[in-house]
Structure formats: C-alpha cells, structure tokens
Chemist: 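I have a structure I would like to understand better, so I am pasting it below and will then ask my questions one at a time.
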Amino acid sequence: VNRTRPQRWLVAATYALVTVVTAATLYPVALVLKKAFEPGRDFALSPSPIPRAFTADNVLQLISARSGSGDLLFVRQALNSALVALITTAIAVTLACSAAYALSRYRFPGRQSGLASFLIVQMFPAVLLLMPLYVVLDRLRLLNSLAGLILVYSTTAVPFCVWSLKAYFDSLPRALEDAARIDGASHRDIFFRIVLPLARPGIAVTALFSFMTAWNEFILASTFMTDELSYTLPVLLKSYIGEYNAHWGLFAAGAVLTSIPVMALFYFLQRYLVGGLTAGSVKA
Amino acid sequence: MTPRYVRAYGLAVSAALIVAAAAFVRYRNQSFEHRELERARVAVSAVATGSTPLGHTVAWGVVAPPEATPRYPFLPRRRLASGRVLGGPSAAPGDKLLYDAAARTEKSGPFIEFADDLVIATARCASGTAVAVSRPPAGPEPVPYLVLIGLVGLGAAIAAAGARRGGNAASAGLVVGAGGLAIPAAVWSGPIAAGLVMSAVVSVAWAEQRGWLDRAGAALVRNRVAYSYMAPAGAAMLLLVAVPFAMGLVLGFYDHHAGTWRFVGLRNFIDILSGGGHSFADPLNFWFTLGVTVAWTGLNVALHVAIGVALALVLRQPWLRLRGVYRTLLIVPWAIPNYITALIWAGMFQREYGAVNLLLGHLGLDKVSWFSSWATAFAANVTTNTWLGFPFMMVVALGALESIPRDMYEAAEVDGARAWQRLRYITLPHLAPALLPAIALGSIWTFNMFNVIYLVSDGRPGGSTDILVTEAYRWAFERGERYGMAAAYATLIFVVLLLWTGFGARLRRGRSE
C-alpha cells in the first residue's frame, strides 16, 4: 500500500466495484424490506427494491393474528423464543463459568480431553443428537414443551460458553488472584469475589451470543414443536411460506421484526466474535 | 483391612450392583409382561365360553358382528351377547375399547397386547368376538433388597478376609466377594448379565492390583477444587450429550419400523456403505451424497475465501473513502439469522415471482426452473451460502491485513518490488496463518449447513442436492421414522467429521512446525 494515490482509472474502477458488490449484497435485504411494507402475497412482482405502494397491513396483520383459543400468536411466540433463549443462556452461562475457570486456571488429569470434548461437541451438527434426543424427549413426554427445547439447546450452548469464557479467563491477569491467595482468601472467595466480577464483560458477551444462537435456531424447534402455541419465531416464519399458501408479505414483516433485535446485537458484538471463534479452533 | 480395600470393594460392588439391578429390572418387566399376557389369555377364553373371567378383568363380553342402525346406516352398531348395545348415552366406560377391539379382530385376527396400563385380549368364538380388558395390579415384584444386602455383606466379609492375608489373596477375595452378585444376575437375565458383572469386578481388581485406583484417588484428592468447579458442567454434558450420543451409536444397530425396534447388527451400516442397491448416480446412494457434500463444502469455502480476501484487499486501501460504511454494509448478510437468509433466497429463486427470474426477464433471458435440474439447484444453494458466508472471511482477512507492518511494504517498494510481488511475498504469507483456522471453522459450518439445503432447494430435484446432514434428518423424520438408519447415518457423519478435523489439525501442526 503506497501513500500516493494510484491512477484515476484504478480509483474509479475500485469505487465502481465496491459499490456494485455492496449493492448486490444489500439487494435481497432491500427486497424483504420492500415486501414487508408492500401489499400482496407474492414474493416480488417487479425486481425493483422500491415499493410501489406503502402499507403497514402486513405488520398489523402479523401482530394481531390470533390462535383458535384467542391468544395473540406473534406475541406468544416471541415470548416463547425469548423465554427459551433466556433460560438456555442462564443455564449455560451458570454451568460454564465455573468449568471455564477450572479449565483456565488449574491443571488436572482430564483437562485436555475435557477441552477437546467441549470443542468436538460444539463442532458436530445438532442433527446428530437430534434423533436420540427426540426419542428420549418422546419418552419423557417433553416433546412440544419449551422445557424440552431448552434441554436440547443447552447441549450446544454449554460447550460454546465454556470455550468462550475460558478464552476470556485466559486473558485476565492472575496477579489479583495470587495476591488474594497470599492474603488467605479461600478458593470460593477468589472465584466469587474476584474472578467473576472481573469477568463481567466476558460473561455478558458470551451470554449475548448464546442468546442469539438460541433465538435464531430453526430446525430443532421445528422438529420438536408441533403445536401453534409452543412455536418459536423461526417456526412461525417458516409456516407463513408453506408450499401451497405462501404469504410473503407476512413472512417479510416477521423477518424484519425478528431480525432487527439480533442484528443490532450483532453489530454491537461483532468485534468480540471473530477473536473468540478463531481462538477456539487455533488452540485445539 | 486397609481403606484401600474398602474403596476397591465399594467400587467393584457398585459396578456389579448396577449390572445386577439392570438384569433384575429386565427380568421383572419380562416376567410381568409374560404373566399378564397369560392371565389375559385365560380371561378371554373364559369369556368365549360364556363364564365370568377371574382376576383383574375390568370390561369383557362377546361382541356381535356390526349391524346397521335404522337412523344412521353409515354408523354400524354392535351388541354384546347379553343384548346390550355398545356405546350410546348410557354407555359403560369400557364400551369403546370393546367395540374397537372387536372391529380390529374382525379385520386382522385376534390379539393380546398391552395398551398403556391395560391388557386387551380378543378371541374368535361362535357368536362373535370375545374381548377381555384387564388392568394388571400396579407395581410388579419389589426389588429383592434382602438378597442383595445379604450378598453384599457376605462379599464384604470375603473381601476383608482376602485383604487381611494380602497379596494375591486380596485380589481373589475381591473378585469372589463382589463377583457373588453374578449369581442373581445369571438367574434373572442369563449368562450375559453374569459375564458383565464378572468382567466389571475383574477389571476393578486388576486396576487395584496395578495401583491405578490409588493414583486415581490421589489425583482426585489433589485436584478436588478443579474437579468441583468442573462437576456441574461435566454432569450436564454427560447427561445431555454423552447419553444421547451413546444412544445414537447403539440405535444405529437397530431397525425402527412402525413403532417397534429390532436388532439388526451391522445391516444399517452395510446398507448405507454399499449404497443399498442404488447406483452411484442415485441420490439415495451414500457415496453420491458424500460427493455432493464434499463438492458443496469445497466450492463454498473457496468462494468465501476468494470473495472475502478480495474485498478485504480492496477495503484496506487507505485512499478509499467511506471504508467503515462499506465494511458495515458488507457484513449485513452475516448479521441476519441464517434461516431467514435461506428463506429469502428460496423466495428469490421461485419460478414465477422470484426476483432472480424477474431480473433475468429484464435482461431478455428466459425464466429458469431453478430446482428442476441438479446443476441449477446446486447453484442456487451455493449462491445463497456464498452470500451468507463471505463476510466472515472478509472480516478475518481484514483483521489479519491490519497486523501486517506498513514499513514492510515501504521497504519492498524501495527495493523495487511490483504490486503483485508485494501481494505474493508479503500479503499472502501473512494472511495464511490467520485464514487457516477460519477455513477450518468455515468448512465445518458449511459441511453442517442444514438450513440452506433444507430451506432453499430442499433436496430438489429428487433429493439430489441433499448433503449428509439433511439426508440423516430425512431418514429420521421424513421416511417413516427410520430412526435406526438415521442413527447409523449420524454415526458415519461423525466419523467423516472426525477424520476431517483430525486431518485439518495435522495440516495446521505441519504448517506451524
């Protein structure tokens, strides 16, 4: 990279290229935004991303749809999604904090294999565990229940949180802990009074990622949930574009409402994400 | 007797007790089922001969063949031999069971079976179908605690005697003492259970003699703080991952058909690996699907890296204005939940109202049925996944490029290096170490990218664009609940991924050395 500006044609070509690629990247997003606020059920009548008519009908219809028993469906399912994601995150982070701390600070037999197995579990597809879990949940009568879904999500959330928190604990200096130990603090005091408060930013980021993952999960939810009232948002959105009676307007409105919170979170967090993700796979 | 032998005996007896308890439960369930089915058989033959059945029969009778009702000819009714009509406003609670059992017997023959907590038995007789519904008494045989406690106590005495003499007698005492539980296990469940008990006990005695138990115990005590921190997450993973995983491995050896499991040994695996009689060009052939998966993974990762690195190289130019804005806009696809991305692109590739075909129409081209041929359907999937995946590589590459010291370029320029030489000898060698882990991660994500395949092409045409994970899913949930096949498939996917990650790790180690 030289300090001087290169030739004019090269600058122009670069701007043209970047602009075209960016426009192409944003095009599908623009189409969905357009569809969310345009009347009609079909996906697109024209390829232009600018709506010809503006309406809030899709959003209103989506939010006001009611089930046979009179519940507001979208609100109910948004609550389901939020509840599942929150409880999964709470379980995973609670379990992972102490385990990640042990893996980061102590050397003990089984540490390496523990790390490796947390990593492997995280890499293997959920579909692999889906079927045995389905059989177990069927026996336990937990199909179609949010509790079952929470259990299933925890299988991937716990290892993710362990790795992510371990990376964070690794980055914390040990000096404070050593000082506390010399002053006679117990293991428990060190963990609860020194390490956890110091790790708050790392715990927050890990929790938010774990929340996003659960919020965005589709296939497990759509396999385990068959009752409209226990759907999560991804299952609802898919149901709007069934093969024979697709309603793309409702889908687009739902997609916009569902994505905005997680996209905001993502932009807030993305600088932490890359480091965390690659750290796990480099050190393995 | 030293504490060592208390520990060794405790361990051996616990292992033996678990096996013996499992053997007992199996024996109890089998004998319970056997006994109750036999009782139901006796009851129904009593009903057929017109006498009152004994035992726990809650509803019974000889049901006559259906007769048409005057008002609703399409709703046949049935009578008992006593003349009472089954069903109706004043129906007895068991009427529906009697009616349905008779109908089923007329259609497919008599049966005796459990239905939840009831046993239903039917038999044909002269005036119709004899049906007996019995409710077995709750709580089958209790666990024989006295026998077990006696055996454990006796075993403890034998083991203690052995330990007092020391040496080989100690091991022998341990094996004989704890191995006593093999006798009830053999009685309840046969020689296999006894063998399991004995092998558990012998391996504990062996570990004790080699000093492994000592070392494990010492390690446990030494690292008790670390282990107590690990315990909650470890227990959760054992319960939520290890158990289902082990179940999945075992289920691969069973066939699930119409609600019943049958042990079939290696047949699922042989079926899958031999292609199950399908040719290599048939989407149901495992090797075809594996080929599609490899092509899918390779092509996607190559495109992600190529596009991501190219954009990163462009976005890094210091004279480019609005770099931050472009960067922010270009990672939008990564921020959107990927199932939504997949559904959006599924809509864009629709034939009639899909944006892609509308754009082609504006360019004067014909509409394409994207999902009616393999190549176009595969291309649609790849397009979707490329759109969704390049921002990750771009961000990784941008991060790596930022860490290259600028003065290296200046020095190269002073030395007269051309632009492509700077790229070849400075930029790319610095990019590689950062990109390799990202590529490893990206290849696993793509290999497992269920949502794009399932939601965009959905395997069309004819399952030919399915990858391994979607294929496994279809065996379980879309082809008549063939859980056994799905489990075998999942096991094979596990092996493929394990080989791939092992290979990747070796590759990376090789690079770093």
Side-chain angles (χ1 to χ4, degrees), chain A residues 1-2 5 14 17-18 21-22 25-26 28-29 31-32 42-47 95-96 98-99 101-102 106 108-109 114 121 123-125 127-129 131-133 135-136 151 154-155 158 162 187 216 218-219 223 234 237-238 241 248 251 255 259 262-263 266-267 274 277-278 281-282 284, chain B residues 219 223 225-226 229-230 232-233 236-237 240-241 244-245 247-248 251 314 317-320 326 329-330 332-333 335-337 339-340 343-345 347-348 350 353-355 358-359 362 395-396 399 409 413 437-438 440-441 444 448 450-451 469 472-473 476-477 483 486-487 490 493-494 497 501:
Chain A
V1 183
N2 50 11
R5 233 172 127 83
T14 308
L17 176 80
V18 178
V21 171
T22 310
T25 303
L26 294 181
V29 183
L31 280 186
V32 172
D42 294 317
F43 185 65
L45 291 173
S46 79
L95 291 177
S98 67
Y101 178 67
Y106 293 90
F108 51 91
V121 170
M123 282 191 304
F124 288 101
V127 177
L128 221 63
L129 291 181
M131 200 259 320
L133 283 169
V135 175
V136 172
L151 283 183
S154 301
T155 61
V158 173
V162 167
H187 288 293
N216 288 345
F218 161 72
I219 185 61
T223 309
L237 289 189
K238 173 75 167 73
I241 45 173
W248 286 92
F251 164 77
S259 307
V262 283
M263 286 179 73
F266 180 87
Y267 274 98
V274 181
L277 283 175
T278 43
S281 61
V282 178
Chain B
N223 299 298
V225 178
Y229 281 130
M230 285 298 293
M237 289 326 286
L240 290 173
V241 178
F245 181 76
M247 269 185 69
L251 293 185
V314 171
Q317 303 301 329
W319 45 263
L320 190 77
Y326 282 123
L329 292 178
L330 282 170
V332 163
I336 299 179
Y339 72 96
I340 289 185
L343 290 172
I344 292 173
W345 280 89
M348 306 233 318
Q350 277 181 347
Y353 299 108
L358 292 175
L359 281 176
H362 274 254
V395 171
V396 172
Y409 289 102
E413 223 167 326
L441 196 63
I444 288 170
N448 293 335
F450 186 93
N451 284 355
V469 285
Y473 181 85
F477 298 103
Y483 294 137
I493 294 175
F494 181 78
L497 269 171
T501 48

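Chain identifiers are assigned alphabetically (A, B, ...) following the order of the sequence lines, protein sequences preceding nucleic acid strands; residue numbering begins at 1 within each chain.
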Chemist: For Y229(B) and H187(A), which heavy atoms make the closest approach, and how far apart are they?
Modeler: OH-O, 3.2 Å
Chemist: Applying side-chain contact (heavy atoms from CB on, under 4.5 Å), run through I344(B) and L31(A) and close with a yes or a no.
Modeler: CA-CA 9 Å; I344(B) 292 173; L31(A) 280 186; over 6 Å; no
Chemist: I need the L343(B) CG to L237(A) CG distance, nearest 0.5 Å.
Modeler: 7.5 Å
Chemist: Drop me the distance from M230(B)'s CE to F108(A)'s CZ, to the nearest 0.5 angstrom.
Modeler: 4.5 Å
Chemist: Between A487(B), A472(B), G347(B), who has the most heavy-atom pairs with chain A when the cutoff is under 4.5 Å?
Modeler: G347(B)
Chemist: Which value, rounded to the nearest 0.5 Å, describes the distance between T25(A) atom OG1 and L329(B) atom CG?
Modeler: 9.0 Å
Chemist: What are the two closest non-hydrogen atoms of A335(B) and M263(A), and how far apart are they?
Modeler: O-CG, 3.6 Å
Chemist: Atom CZ of F477(B) and atom OG1 of T223(A): how far apart are they, to the nearest 0.5 Å?
Modeler: 5.5 Å
Chemist: Below 4.5 Å from any heavy atom of chain A, which atoms of L251(B) appear? Answer side chain, backbone, both or neither.
Modeler: side chain
Chemist: What is the minimum heavy-atom distance between W345(B) and P28(A), and which atoms define it?
Modeler: CZ2-CG, 3.5 Å
Chemist: Flag the one option from L17(A), V18(A), V121(A) with the top tally of heavy-atom pairs under 4.5 Å to chain B.
Modeler: V18(A)
Chemist: For A355(B), which atoms come within 4.5 Å of any heavy atom of chain A: side chain, backbone, both, or neither?
Modeler: both
Chemist: Closest heavy-atom contact between A233(B) and L95(A)?
Modeler: CB-O, 3.5 Å
Chemist: Which answer fits L151(A), side chain, backbone, both or neither, if we ask what part of it has an atom under 4.5 Å from a heavy atom of chain B?
Modeler: both
Chemist: Tell me, out of I493(B), V332(B), V469(B), who's got the most heavy-atom pairs with chain A below 4.5 Å.
Modeler: V332(B)
Chemist: Counting only non-hydrogen atoms closer than 4.5 Å, does Y101(A) touch chain B with its backbone (N, CA, C, O), its side chain (CB onward), both, or neither?
Modeler: side chain
Chemist: Side chain from CB out, backbone as N, CA, C, O: work out which of these in M237(B) comes under 4.5 Å of a heavy atom of chain A, or both, or neither.
Modeler: side chain
Chemist: Which atom names give the shortest non-hydrogen contact between P337(B) and S259(A), and what distance separates them?
Modeler: CD-OG, 3.8 Å
Chemist: Which class fits the ring pair Y339(B) and F218(A): parallel under 30°, tilted 30 to 60°, perpendicular over 60°?
Modeler: parallel
Chemist: Please state whether the side chain, the backbone, both or neither of F450(B) comes within less than 4.5 Å of a heavy atom of chain A.
Modeler: side chain
Chemist: Which heavy atom of T14(A) sits nearest a heavy atom of W319(B), and at what distance?
Modeler: OG1-CH2, 3.7 Å
Chemist: V32(A) versus chain B, heavy atoms under 4.5 Å apart: side chain, backbone, both or neither?
Modeler: side chain
